[in-house]
Amino acid sequence: MNKKNNFISPGHNACAGCGQLSAVQSVMRALDKDTIIANATGCLEVTTTAYPQSAWGLPWIHSVFGNASSVASGIKAALDKKGDKKTKVIVFGGDGGTYDIGFGQISGMWERGENILYVCYDTEAYSNTGIQASGATPYGASTTTSPSGKESIGSTQRKKDLLQIANAHGLKYAAQSTTAFPDDITKKVKKALQTPGPSYVQILTPCIPGWKIKTNEAVMFAKLAVQTALYPLLEYENGKLTGSSVSKNFTKKPVEDYLLKQGRFKHLKKPDLKDIQEMANVNIEKYILN
Ligand SMILES: Cc1ncc(C[n+]2csc(CCOP(=O)(O)OP(=O)(O)O)c2C)c(N)n1
């Protein structure tokens with residue numbers, strides 16, 4: 001165990017500039033040693049546990065792709081049986097593991113009302129296996145299963161609104177943030193852990209190869225996602241919007257600023273940009289907090 005509470009150590013083999021690993025550091029700052037982590041497979045797991053090494057300074061358990069939340073439920077049940085009220089249980093999953101393959105198990109965990117925090121690292125694709133589209137892939141993104149081309153603008157699906165799905169399960173705390181706002185992430189994780197029952201925190205974590213961006217651009221794009229209102233910082237308590245980066249004085253940046261410098265979006269034409277700008281405008285109306 002690292003003495004300085006550095007629960008994720010150097011030595012992992014994530015891509016240079018990976019948005020996911022810096023977000024994990026911000027999550028870790030909110031944790032203490034009385035924590036157990038269940039991790040769905042994906043980039044985070046694969047890059048931090050190259051046998052025989054591990055970057056984890058906390059008890060951490062591998063699970064298969066779809067069942068990390070069921071593994072967490074089992075850990076929680078064992079802790080309850082032992083009368084351990086102190087140890088926190090957290091699940092980490094990528095967007096594929098969360099929005100798609102693990103979703104049934106997550107829904108069950110939420111339905112049972114277990115006191116477990118689920119953290120989703122949203123790279124907006126199945127990054128680890130070569131950037132396939134997931135339920136979190138946004139409209140217009142080129143992925144290996146939704147390639148852009150003469151006849152295609154890339155993904156024609158809309159990103160699932162998982163925060164609302166979490167709210168529909170009656171969660172007392174659900175929030176979203178991005179890699180560009182480390183203090184916001186730490187604050188939200190702390191709040192989630194203080195809230196009894198299940199909670200959900202989703203973090204947009206730019207993927208260097210998946211988004212076709214430079215190694216020094218993850219934070220910049222994670223910031224632009226918020227400044228364009230395509231991915232606002234949000235917080236729901238008891239289903240009610242209580243925190244939002246979209247305020248009365250919000251001055252939006254045009255979506256082109258975010259989209260056109262990313263390889264996955266650079267094929268988009270004026271009408272597509274107009275459609276996506278409209279989506280950002282709808283977000284502003286939806287998430288404005290006075
Ligand atoms: C049942 C099953 N299907 C497929 C895989 C292969 N697989 C491992 S990681 C991964 C992608 C994970 O994507 P995501 O959850 O979005 O996390 P990311 O890699 O983007 O962090 C896939 C498809 C698997 N391990 N198990």
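First listed ligand is number 1; within each ligand, the first listed atom is number 1.
- Close contacts of ligand 1 with D95, meaning ligand atoms under 4.0 Å from a residue heavy atom, involve 15 (O), 16 (O).
- Under 4.0 Å from ligand 1, the heavy atoms of Q20 that appear belong solely to its side chain.
- Looking from atom 17 (O) of ligand 1 to the surrounding protein, the closest heavy atom is G94 CA, 3.5 Å.
- Here's the thing with G96: one of its N/O atoms is less than 3.5 angstrom from an N/O atom of ligand 1.
- Residue, atom and distance of the protein heavy atom nearest to atom 1 (C) of ligand 1 are I101 CD1, 3.8 Å.
- When non-hydrogen atoms are compared, ligand 1 lies under 4.0 Å from the side chain of F65 (C-beta onward) but not from its backbone.
- The number of heavy-atom neighbours closer than 6.0 Å to CD of Q132, taken from other residues, nucleotides and ligands shown, is above 12.
- Close approach of ligand 1 to C43 is summarised as follows: ligand atoms under 4.0 Å from at least one heavy atom of the residue are 18 (P), 19 (O), 21 (O).
- Formation of a donor-acceptor pair under 3.5 Å by the D95 side chain with backbone atoms of D122 is not found in this model.
- In summary, the atoms of ligand 1 found under 4.0 Å from a heavy atom of T41, numbered by their order in the structure, are 8 (C), 9 (S), 25 (N).
- Look at K188 and E235 and you find no salt bridge, because none of the NZ, NE, NH1 or NH2 atoms lies under 4.0 Å from a carboxylate O.
- In terms of polar-atom proximity, defined here as any N/O pair under 3.5 Å, G42 makes no such contact with ligand 1.
- At most 12 non-hydrogen atoms from other residues, nucleotides or ligands lie less than 6.0 angstrom from NZ of K223.
- For the pair S127 and ligand 1, the shortest N or O to N or O distance falls below 3.5 Å.
- Under a 4.0 Å N-O distance rule, the pair K85/D80 does not qualify as a salt bridge.
- Contacts between T123 and ligand 1 below 4.0 angstrom, taking non-hydrogen atoms only, involve the side chain exclusively.
- A donor-acceptor pair is defined here as one N or O able to donate and one able to accept, closer than 3.5 Å; such a pair exists between the side chain of D161 and the backbone of Q164.
- Atom NZ of K212 sits in a crowded spot, with more than 12 heavy atoms from other residues, nucleotides or ligands closer than 6.0 Å.
- The residues E124 and R264 are annotated as salt-bridged, a charged nitrogen and a carboxylate oxygen being separated by less than 4.0 angstrom.
- With respect to atom 6 (C) of ligand 1, the closest heavy atom belonging to the protein is T129 CG2, 3.9 Å.
- Here the heavy atom of the protein found nearest to atom 15 (O) of ligand 1 is G97 N, 2.8 Å.
- A continuous path of hydrophobic side-chain contacts links V119 to M28 [ILVMFWY only; heavy atoms under 4.5 Å].
- Atoms of ligand 1 lying under 4.0 Å from any heavy atom of A125, numbered from 1 in the order shown and given with element: 16 (O), 20 (O).
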